[in-house]
Amino acid sequence: MDDINLHYRFLNWRRRIRLREVRGIRYRERLKRMLRDGDVLRYHGNSDEVGCFVAARPLSKRNRYFEVTIVDTGVRGMIAVGLVPQLYKLDHQPGWLPNSVAFHADDGKLYNGNTVGQQFGAKCSRGDRIGCGISLDCDEGQLTVFFTKNGAEVGSVGIPASPDALYPAVGMHSLGEEVLLDLNAEWGTEQDDGQMIVDSHEEDWARLHDIKATGTLLEYVGKGKSIVDVGLAQARRPLNTRCHYYEVEIADAGEKCYIALGLARRDYPKNRHPGWSRGSIAYHADDGKLFHGSGVGDAFGPRCFEGDIMGCGIMFPRDFNLDVGVFSDEGDDWDFDLVSPAEVQNDLYANNEDEDEDEGEDLEGRKATVFFTRNGKVVGRREVVLPVQGFYPTIGMMSTGEKVRVDLRPLSG
């Protein structure tokens, strides 16, 4: 009898150990090709394979939101933030497989159980904060997942409710990628209201590469170690006869004041300072030179320092007509009516002695005069050929600590 009792005690002891092991597995984080150092996650692969992190505990009504801050975008910035089942395959980005959903930083797309994403929000860069949470207002059988960027909601998506819980997940896919993880971040109406007070002005910008926008302030968040570490901000709309000038105030010159103000074509390379490549022109603050489609600048004006206000504008030909549509920008809603020169007089139209000869010609490749100012005074002018889709206000920065305050419509009253 004693032997039988001993046998049952042994079996109960084994069951308790297994139960503890199962509970330990249940609340253990999972990661592959990733390293975790405190709250920091780093990609630890060769860029050929995905790295993925799945948190130990799922989101719940008490803990329904988490955030990730991009510390470094690495080579390609292929960082994904979202929700996945506990036993998600770690060699796939969150959002690629069924019952998972994620917002991808490199293309701004939402991936909802599919390797083909849908356009969802703006791309994210170094310094951006991406959040993911579950809404408490959900229909029966449906779960609403929402995503945020820098404290403002980007959008939401409804997914079928699953008996399996959804766990915070982060994916990476290129060397150098690094994020700061906050699994205890809070999201509520009080935070939303606070964010509504400050207009991020991000809608003014078509591209922000290694530059963070906070209101009208642009801050360089790149590495600042070589000439390829350019931070570029390009406006969503080109200059035109109704909005022909913009200004930048140097709020902080940073380490070397590698700040450039100018105009560029819409598809201008993101890692080239304005003025360095074809289809661009820019006034550089650090040396006072003008760069016009070349890496070699011409002596142009004085250097600019912290507190200086740099301006750039276009003097369009007097017969320039927006109705022709040379600056058409599909997908953008303009805030003004298209007008012809006969309906408006503008002193900033350049004098054109040959305007009679130019009537009726194709506006593609038309010439205009670009001018630059410093603290309200004209520094100089340069004749340029207008790109087909127009010249877009473009700002470049390239050293740590640089900040500028931008006014895209200083003459609008």
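- Of all heavy-atom pairs between N271 and V228, the closest is CB-O, 3.7 Å.
- The side-chain hydrogen bond (donor to acceptor under 3.5 Å, both in side chains) check on T394 picks up Q234, with sequence neighbours excluded.
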Checklist entry - Passes salt bridge (charged side-chain N to carboxylate O under 4.0 Å, His left out), D204 versus R409? Steps please. => result CA-CA 11 Å; D204 289 335; R409 291 168 283 274; 3.5 Å; yes

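- V154 places a side-chain heavy atom less than 4.5 Å from the side chain of F120.
- S47 pairs by the side-chain hydrogen bond (donor to acceptor under 3.5 Å, both in side chains) definition with nothing, not counting sequence neighbours.
- Under the ring-ring contact (aromatic ring centres under 6.0 Å, His included) criterion, F300 pairs with Y283, F372, sequence neighbours left out.
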Checklist entry - Step by step, would you call V384 with T369 a side chain to side chain contact (heavy atoms under 4.5 Å, CB included)? => result CA-CA 6 Å; V384 300; T369 300; over 6 Å; no

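- K256 and E402 are not joined by a salt bridge, as no carboxylate oxygen comes within less than 4.0 angstrom of a charged side-chain nitrogen.
- Here the side chains of L232 and D210 are not in contact, with every heavy-atom distance at 4.5 Å or above.
- Interatomic distance, CD of E255 versus CE of M398, reported as 11.5 Å (0.5 Å rounding).
- Remark: the backbone N or O of G222 is paired with a side-chain donor or acceptor of R126 at under 3.5 angstrom.
- Shown here are the ring-ring contact (aromatic ring centres under 6.0 Å, His included) partners of F146, two or more places apart in sequence or in another chain: Y65, W187.
- Considering OG1 of T144 and CD1 of I159, their distance stands at 8.5 Å, rounded to 0.5 Å.
- M315 has its side chain within reach of F371: a pair of non-hydrogen atoms, C-beta onward, lies under 4.5 Å apart.
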Item to check | Pair K212-E219, salt bridge (charged side-chain N to carboxylate O under 4.0 Å, His left out): steps then yes or no | outcome: CA-CA 5 Å; K212 179 181 178 181; E219 177 182 358; 5.4 Å; no

Item to check | Full working for side chain to side chain contact (heavy atoms under 4.5 Å, CB included) between C124 and I70 | outcome: CA-CA 8 Å; C124 301; I70 300 177; 3.9 Å; yes

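- Remark: side-chain polar atoms of Y268 are paired, donor with acceptor, to backbone N or O of H273 under 3.5 angstrom.
- Among residues two or more places apart in sequence or in another chain, the salt bridge (Lys or Arg N to Asp or Glu O under 4.0 Å) test is passed with D252 by none.
- Looking at L143 and I134, their side chains come closer than 4.5 Å, going by heavy atoms from C-beta outward.
- Annotation: salt bridge (Lys or Arg N to Asp or Glu O under 4.0 Å) contacts involving residues 294-317, sequence neighbours excluded, comprise D298-R382, D308-R374.
- Across N150 and G127, no two heavy atoms sit closer than the pair OD1-O, 4.2 Å.
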With a cut-off of 3.5 Å and sequence neighbours excluded, list every side-chain donor-acceptor pair involving residues 286-295.
{"unit_1": "D287", "atom_1": "OD1", "unit_2": "K289", "atom_2": "N", "d": "3.0"}
{"unit_1": "S294", "atom_1": "OG", "unit_2": "V296", "atom_2": "N", "d": "3.1"}

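- Taking each heavy atom of V385 and F391 in turn, the nearest pair found is O-CE1, 4.1 Å.
- Proximity of I211 to W205: side-chain heavy atoms (C-beta onward) are nowhere separated by under 4.5 Å.
- Annotation: side chain of C52 is not in contact with side chain of L31 (no heavy-atom distance under 4.5 Å).
- Contact record, A368 with I314: CB-CG2, 3.9 Å, taken as the closest heavy-atom pair.
- Using modelled atom types, no side-chain atom of Q86 and backbone atom of Y88 make a donor-acceptor pair closer than 3.5 Å.
- Within a 6.0 Å radius of CZ in R381, other residues, nucleotides and ligands contribute 12 heavy atoms or fewer.
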Quiz: residues 171-179 side-chain donor-acceptor pairs under 3.5 angstrom, not counting sequence neighbours:
{"unit_1": "S174", "atom_1": "OG", "unit_2": "R76", "atom_2": "N", "d": "3.0"}
{"unit_1": "S174", "atom_1": "OG", "unit_2": "E177", "atom_2": "OE2", "d": "2.6"}
{"unit_1": "E177", "atom_1": "OE1", "unit_2": "H173", "atom_2": "N", "d": "2.8"}
{"unit_1": "E177", "atom_1": "OE1", "unit_2": "S174", "atom_2": "N", "d": "3.2"}
{"unit_1": "E177", "atom_1": "OE2", "unit_2": "G77", "atom_2": "N", "d": "3.4"}
{"unit_1": "E177", "atom_1": "OE2", "unit_2": "M78", "atom_2": "N", "d": "2.6"}
{"unit_1": "E177", "atom_1": "OE2", "unit_2": "S174", "atom_2": "N", "d": "3.4"}
{"unit_1": "E178", "atom_1": "OE1", "unit_2": "R42", "atom_2": "NE", "d": "3.3"}

Checklist entry - Between L83 and Y167, is a side chain to side chain contact (heavy atoms under 4.5 Å, CB included) present by the stated rule, with each step listed? => result CA-CA 5 Å; L83 300 173; Y167 291 71; over 6 Å; no

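- Here the side chain of N240 pairs a donor or acceptor atom with the backbone of C243 at under 3.5 angstrom.
- A donor-acceptor pair under 3.5 Å is absent between the side-chain atoms of T148 and the main chain of E153, judged by distance alone.
- The number of heavy-atom neighbours closer than 6.0 Å to CD of Q118, taken from other residues, nucleotides and ligands shown, is 12 or below.
- Checked against salt bridge (Lys or Arg N to Asp or Glu O under 4.0 Å), R272 has no partners two or more places apart in sequence or in another chain.
- Contact of the L35 side chain with the D37 side chain is not registered, since no non-hydrogen atoms from C-beta on lie closer than 4.5 Å.
- In this structure a side-chain-to-backbone donor-acceptor pair under 3.5 Å is missing from S100 to V84.
- Annotation for V50 and D91: closest pair CB-O, 3.7 Å, computed over non-hydrogen atoms.
- Under the salt bridge (Lys or Arg N to Asp or Glu O under 4.0 Å) criterion, R33 pairs with E49, sequence neighbours left out.
- With hydrogens and angles ignored, the 3.5 Å screen pairs a side-chain donor or acceptor of N375 with a backbone N or O of I309.
- The ring-ring contact (aromatic ring centres under 6.0 Å, His included) search around Y220 returns none, not counting sequence neighbours.
- Defined by atom type and a distance below 3.5 Å, a donor-acceptor pair is missing between the side-chain atoms of N63 and N184.
- R405 places no side-chain N or O within donor-acceptor distance of the main-chain N or O of T216, the cut-off being under 3.5 Å.
- With a 4.5 Å cut-off on side-chain heavy atoms, P85 and L87 do not count as touching.
- Going from atom CG of D229 over to atom NZ of K223 covers 6.5 Å, rounded to the nearest 0.5 Å.
- With sequence neighbours excluded, the residues forming a side-chain hydrogen bond (donor to acceptor under 3.5 Å, both in side chains) with E247 are Y245, listed by chain and number.
- Heavy atoms from other residues, nucleotides or ligands lying under 6.0 Å from CG of L180 number more than 12.
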Next on the checklist: For V406 and I395: C-alpha separation, side-chain torsions, deciding distance, then whether side chain to side chain contact (heavy atoms under 4.5 Å, CB included) applies.
Outcome noted: CA-CA 9 Å; V406 185; I395 299 160; 3.6 Å; yes

Checklist entry - Given H104 and Y111, is the ring-ring contact (aromatic ring centres under 6.0 Å, His included) satisfied, shown in steps? => result CA-CA 7 Å; H104 286 221; Y111 290 77; 4.1 Å; yes

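- Taking each heavy atom of P94 and A102 in turn, the nearest pair found is O-CB, 3.1 Å.
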